[in-house]
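First the structure, in the form of structure tokens, and then the observations on it.
As the structure is a prediction and not an experimental result, all values here were calculated from the model. We count residues from 1, following the sequence as given.
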Amino acid sequence: MKNRYLLSFIFAALLFVTGCNRLDVAGMVVNRSDTEERVAEWLDYDAQNGMPVIENAPDEYHIYSCSDSHYSERDSIVAQGKNDRLYKYITAERNDPMGLFAIHAGDLVNESGEAGFRMSAEAMAYNPETQAKNDPYFPVIGNHDVYFDCTPYYKQYFHTSTYTVTVKTVGGYQDLYIFLDSGNGTHGKRQLEWLEEQLSYRANYRHCMVISHNWPFRTSYNYTTTPAANLPQDEQYAFMDLMSRNNVEMVIMGHFHMREQRQFGGVQYVMTDNLNETQVTPSYLVVNVGEKVTYAYEELEME
């Protein structure tokens with residue numbers, strides 16, 4: 001029986017290669033990018049360039065989050081065009097008077113090569129003709145962003161995936177956002193140690209949120225053992241315990257292309273829909289950060 005499944009997989013893979021010869025199937029099955037090596041690169045970049053700090057923010061503001069836009073050179077996407085969903089998402093944030101910054105929770109691309117990363121960066125570039133403010137955006141790397149030896153392209157366009165963003169408000173509050181690399185289905189030893197160090201300063205902040213790609217829960221529609229599907233079980237327990245012990249209000253993730261919310265250990269875990277062509281009505285997350293942290297899903301306005 002096992003041999004039959006193996007032969008079926010090989011046959012399907014060969015058909016896939018024949019029909020889509022630009023896709024590196026081996027690069028998807030065998031992930032050649034190592035978490036520990038990437039995290040070392042991200043932290044080295046942070047040490048040289050510093051981590052973002054947003055000054056003079058209002059005491060109450062909005063952050064936006066999307067994920068899984070899966071840009072591809074084969075997609076019928078025109079950068080900054082009216083039908084470009086990622087561009088419409090970032091435009092919605094920049095035209096929100098309370099908007100402060102936008103997040104992309106991973107899987108910017110869908111296949112090998114540089115084009116998807118370039119197109120993503122172009123879509124999120126500031127356009128003064130249609131956007132009221134030049135608010136920043138902050139991404140994390142997803143599993144598709146490390147498949148096919150794509151890490152160098154992510155690094156070229158987006159630089160880091162392990163970092164913090166600090167918001168300082170006019171009323172004297174500070175909020176902390178921690179961004180993580182889970183592209184290989186693990187956060188890795190060094191990154192978890194770094195995360196624990198950042199959370200040791202939690203008492204200095206009004207609110208704390210964590211952004212990563214891989215959803216930690218196993219539910220009926222995502223119970224899978226495919227590569228980069230879920231965090232390893234022992235790491236899942238350790239990660240969620242770390243979130244609870246340090247009073248993290250919200251963990252924002254993507255990966256499974258279907259919105260979901262879970263409350264566990266006093267922490268709100270929120271997963272966004274995918275923002276690519278396969279979603280008939282794609283949506284994104286708007287988080288209201290003030291005295292409390294609340295959120296709502298917003299559907300992307302389609303023409």
Side-chain angles (χ1 to χ4, degrees), residues 13 16-17 19-35 37-39 41-42 45 64-81 83-90 102-125 137-163 179-186 211-215 226-229 252-258 271-279 282-284 300:
F16 196 55
V17 172
C20 305
N21 57 12
R22 296 177 64 253
L23 186 60
D24 173 12
V25 174
M28 183 173 65
V29 176
V30 181
N31 195 332
R32 304 184 185 101
S33 183
D34 178 73
T35 301
E37 292 176 359
R38 286 199 311 275
V39 169
E41 291 182 346
W42 307 145
Y45 176 88
Y64 282 48
S65 184
C66 76
S67 69
D68 299 273
S69 50
H70 288 286
Y71 270 31
S72 163
E73 189 176 17
R74 293 176 294 180
D75 290 336
S76 56
I77 297 174
V78 179
Q80 295 195 344
N83 294 319
D84 182 332
R85 298 181 180 193
L86 187 54
Y87 172 68
K88 294 178 76 169
Y89 158 75
I90 197 71
I103 291 166
H104 194 299
D107 276 5
L108 294 109
V109 305
N110 199 54
E111 63 177 30
S112 60
E114 176 265 351
F117 294 96
R118 172 178 47 78
M119 295 169 71
S120 298
E122 289 175 350
M124 291 189 285
Y137 62 88
F138 301 108
V140 293
I141 201 166
N143 53 295
H144 277 266
D145 304 322
V146 301
Y147 289 156
F148 323 121
D149 297 326
C150 276
T151 299
Y153 300 121
Y154 179 93
K155 186 177 181 181
Q156 175 186 344
Y157 284 95
F158 304 110
H159 311 304
T160 182
S161 186
T162 302
Y163 59 103
F179 293 76
L180 301 175
D181 175 342
S182 58
N184 284 51
T186 177
I211 298 91
S212 190
H213 181 64
N214 280 56
W215 185 246
T226 55
I252 299 174
M253 295 175 159
H255 187 56
F256 281 112
H257 298 194
M258 184 180 296
M271 179 166 57
T272 61
D273 293 321
N274 60 326
L275 199 76
N276 74 352
E277 296 293 332
T278 63
Q279 189 77 1
S283 70
Y284 52 88
L300 199 66

Notebook entry, point to check: Taking all non-hydrogen atoms of both residues, which atom of Tyr157 and which atom of Arg118 are closest, and how far apart?
Noted result: OH-CB, 3.3 Å
Next item on the list: Show the numbers, then the answer: is there a side chain to side chain contact (heavy atoms under 4.5 Å, CB included) between Phe179 and Thr160?
Entry: CA-CA 9 Å; Phe179 293 76; Thr160 182; over 6 Å; no
Next item on the list: Decide yes or no for Tyr45 and Tyr163: does some side-chain heavy atom of the first lie under 4.5 Å from some side-chain heavy atom of the second?
Entry: no
Margin query: Any side-chain to backbone donor/acceptor pair from Asn143 onto Asp107? Under 3.5 Å, distance only.
Written below: no
Item checked: Separation between CE of Met119 and CG of Leu86, rounded to the nearest 0.5 Å -> 10.0 Å
Check: Could you state the interatomic distance from CG (Leu275) to OG (Ser69), rounded to the nearest 0.5 Å?
Finding: 6.0 Å
Note to self: Just to verify, what does Gln156 make a side-chain contact (heavy atoms from CB on, under 4.5 Å) with, not counting sequence neighbours?
What the structure shows: Tyr153
Margin query: How long is the straight-line distance from CG of Leu108 back to CZ of Phe117, given to the nearest 0.5 Å?
Written below: 7.0 Å
Item checked: Nearest atoms (heavy-atom pairs only) where Met271 meets Gly254 -> SD-O, 3.1 Å
Check: When the ring planes of His70 and His144 are compared, do they come out parallel, tilted or perpendicular, using 30° and 60° as the limits?
Finding: perpendicular
Notebook entry, point to check: Below 4.5 Å, heavy atoms only, C-beta onward: do Asp145 and His213 meet side chain to side chain?
Noted result: no
Next item on the list: Determine the minimum heavy-atom distance between Ala123 and Tyr87, stating which atoms define it.
Entry: O-CD1, 3.3 Å
Item checked: Residue pair Ser212, Ser182: steps toward the side-chain hydrogen bond (donor to acceptor under 3.5 Å, both in side chains) verdict -> CA-CA 6 Å; Ser212 190; Ser182 58; 2.9 Å; yes
Margin query: To the nearest 0.5 Å, what is the distance between CG on Asn110 and SG on Cys150?
Written below: 10.0 Å
Next item on the list: Calculate, to the nearest 0.5 Å, the distance between atoms CZ and CG belonging to Phe256 and Asn214 respectively.
Entry: 7.5 Å
Check: Closest approach of His104 and Asp68, non-hydrogen atoms and distance?
Finding: CE1-N, 3.6 Å
Next item on the list: Let me see the working for Glu37 and Thr151 under side chain to side chain contact (heavy atoms under 4.5 Å, CB included), right down to the final yes or no.
Entry: CA-CA 11 Å; Glu37 292 176 359; Thr151 299; over 6 Å; no
Next item on the list: Scan Phe158, Tyr89, Tyr64 and name whichever one has a side-chain contact (heavy atoms from CB on, under 4.5 Å) with Tyr137.
Entry: Phe158
Notebook entry, point to check: Ser161: what forms a side-chain contact (heavy atoms from CB on, under 4.5 Å) with it, not counting sequence neighbours?
Noted result: Trp42, Val140, Ile141, Tyr154, Asp181
Check: Which value, rounded to the nearest 0.5 Å, describes the distance between Asp273 atom CG and Leu300 atom CG?
Finding: 11.0 Å
Next item on the list: Step by step, work out the side-chain hydrogen bond (donor to acceptor under 3.5 Å, both in side chains) result for Thr272 and Ser67.
Entry: CA-CA 7 Å; Thr272 61; Ser67 69; 2.7 Å; yes
